[in-house]
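Below is one structure, written out as structure tokens; the observations come after it.
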Amino acid sequence: RPTPSTQSWTCKRARPLRLLPLVASTSPKGRGKSLTATFLALPLGELSPQVTERARMLHRSEFMQQYLEAGKVVTTHGVRGEMKLELWCDGVDFLKKVGRLYPSAQGGKAYKILSIRPQGQMALLQLEGVSDMDAARALRGQVFYFDRNDATLPAGRWYVADLIGCEVRDADTGKVYGVVTSVNHPGAQDIYTVKAPGGKEYMFPGVDAFLKERNPPEGYLLVTPIPG
């Protein structure tokens, strides 16, 4: 997995869901009734080009993924219910501030984090209600999620799940280069992979000289190409 990002708080492996209003209608009388909508939740890769284009015209903040992956329980630790968590987010300090975890991408029962501490590249996690080895063993393989409302990101930082699918545009001309398909952090800065309309992939660094603006709520990034 990529290491935690310096430019965007990473939620690794998070598969972005698009909640798209497909149908909006009023009651047969049509008066004095509020507008209702039906939503469809699909991974980005399963959207048709027509639906994807419609998604870009919508305000992305209305369908950005609410629950993001925190990590996966790989084994138990000790006899008092501690678990070893493979981290899929920006680490122990981040999860301490979040304070609670959920068992599915739709939320569900909230588990209060009683304690969490680093152990190598992983974390030792203790959840409320998980007090012995049997209870911890039952959660082996469980992926836990956090609610984005429980976290506060510094200004200018975004979850990788929010950046995936954003359109990449030229800051000067408005030309569209493609959409972001991945963000990794192999070294000093983030590396963005962009897929062009014709299928070709490009990579660019997430540095100020190149990346001028990130605006996931509106679904775009602005870049200034580096000569050569």
Side-chain angles (χ1 to χ4, degrees), residues 1-20 41-45 47 49 51-70 87-91 93-95 97-98 105 145-197 200-228:
R1 289 179 200 288
T3 54
S5 166
T6 58
Q7 295 293 331
S8 54
W9 287 57
T10 55
C11 226
K12 306 167 189 72
R13 290 173 54 93
R15 213 176 167 203
L17 295 180
R18 302 292 185 252
L19 294 179
L20 307 177
L42 287 175
L44 179 63
L47 295 178
V51 174
T52 302
E53 183 60 32
R54 174 165 172 71
R56 289 179 185 148
M57 294 187 293
L58 299 171
H59 197 278
R60 282 170 56 101
S61 63
E62 296 298 323
F63 50 86
M64 286 160 70
Q65 193 170 338
Q66 184 66 31
Y67 296 92
L68 302 169
E69 291 174 332
L87 292 167
W88 293 357
C89 62
D90 272 4
D93 290 340
F94 176 75
L95 291 180
K97 294 176 182 178
V98 167
Y145 301 75
F146 67 92
D147 186 339
R148 67 166 63 236
N149 290 341
D150 290 336
T152 301
L153 297 185
R157 291 195 177 186
W158 302 94
Y159 296 112
V160 166
D162 297 338
L163 296 169
I164 302 300
C166 281
E167 197 170 65
V168 179
R169 307 172 187 169
D170 192 295
D172 298 318
T173 67
K175 177 182 176 181
V176 176
Y177 294 110
V179 297
V180 177
T181 57
S182 69
V183 182
N184 295 305
H185 187 71
Q189 67 272 324
D190 292 334
I191 300 297
Y192 291 68
T193 299
V194 178
K195 188 172 184 179
K200 187 174 182 179
E201 290 191 331
Y202 302 88
M203 301 176 76
F204 69 86
V207 296
D208 291 342
F210 188 91
L211 183 54
K212 299 303 183 182
E213 180 184 351
R214 302 177 188 85
N215 194 334
E218 297 295 336
Y220 68 83
L221 278 62
L222 297 182
V223 301
T224 299
I226 299 173

* Under a 4.5 Å cut-off applied to non-hydrogen side-chain atoms, are Val223 and Tyr192 in contact? -> no

* ring pair (Phe, Tyr, Trp, His ring centres under 6.0 Å) partners for Phe210, two or more places apart -> Phe204

* Structure fact -> On a heavy-atom basis, the closest approach of Val180 and Leu221 is CG2-CD2, 4.1 Å

* Asked: Which residues satisfy the side chain to side chain donor-acceptor pair (under 3.5 Å) test with Asp147, sequence neighbours excluded?
  -> Gln66

* Arg169 CZ to Glu213 CD distance, which is reported to the nearest 0.5 Å -> 9.5 Å

* Identify the two heavy atoms, one from Asp170 and one from Pro225, that lie closest to each other, and give their separation to 0.1 Å. => OD2-CD, 3.5 Å

* **Ile191 and Pro205, any side-chain heavy atoms less than 4.5 Å apart** => yes

* Asked: Quick one: OH on Tyr159 to CE on Met64, what's the gap to the nearest 0.5 Å?
  -> 9.5 Å

* To do: Can you sort out the partners of Ala196 under side chain to side chain contact (heavy atoms under 4.5 Å, CB included), two or more places apart, ordered by chain and number?
  => Tyr202

* Specify the closest pair of heavy atoms between Asp190 and Val183, including all atoms of both residues, with the distance to one decimal. => CB-CG1, 4.0 Å

* **Interatomic distance, Arg214 atom CZ to Arg157 atom CZ [nearest 0.5 angstrom]** => 9.5 Å

* Measure across Glu69 and Phe146 and return the closest heavy-atom pair with its distance rounded to 0.1 Å. => O-CE2, 3.9 Å

* Asked: Is it true that atom NZ of Lys212 has more than 12 heavy atoms of other residues, nucleotides or ligands lying nearer than 6.0 Å?
  -> yes

* Asked: With side chains defined as the heavy atoms from C-beta onward, is the minimum distance between Cys89 and Leu95 less than 4.5 Å?
  -> yes

* Structure fact -> Separation between CG (Asp162) and CG (Asn215), nearest 0.5 Å, reads 11.0 Å

* Sequence neighbours excluded, which residues qualify as ring pair (Phe, Tyr, Trp, His ring centres under 6.0 Å) partners of Tyr67? -> Tyr102

* For Asp150, enumerate each residue passing the salt bridge (Lys or Arg N to Asp or Glu O under 4.0 Å) test, keeping only those at least two apart in sequence or located in another chain. => Arg100

* Who passes side chain to side chain donor-acceptor pair (under 3.5 Å) against Thr193, sequence neighbours left out? -> Ser182

* Side chains of Ile164 and Cys166 in contact at under 4.5 Å (non-hydrogen atoms) -> no

* To do: For Leu163 and Pro216, work out which heavy atoms get closest and say how close.
  => CD2-CG, 3.7 Å

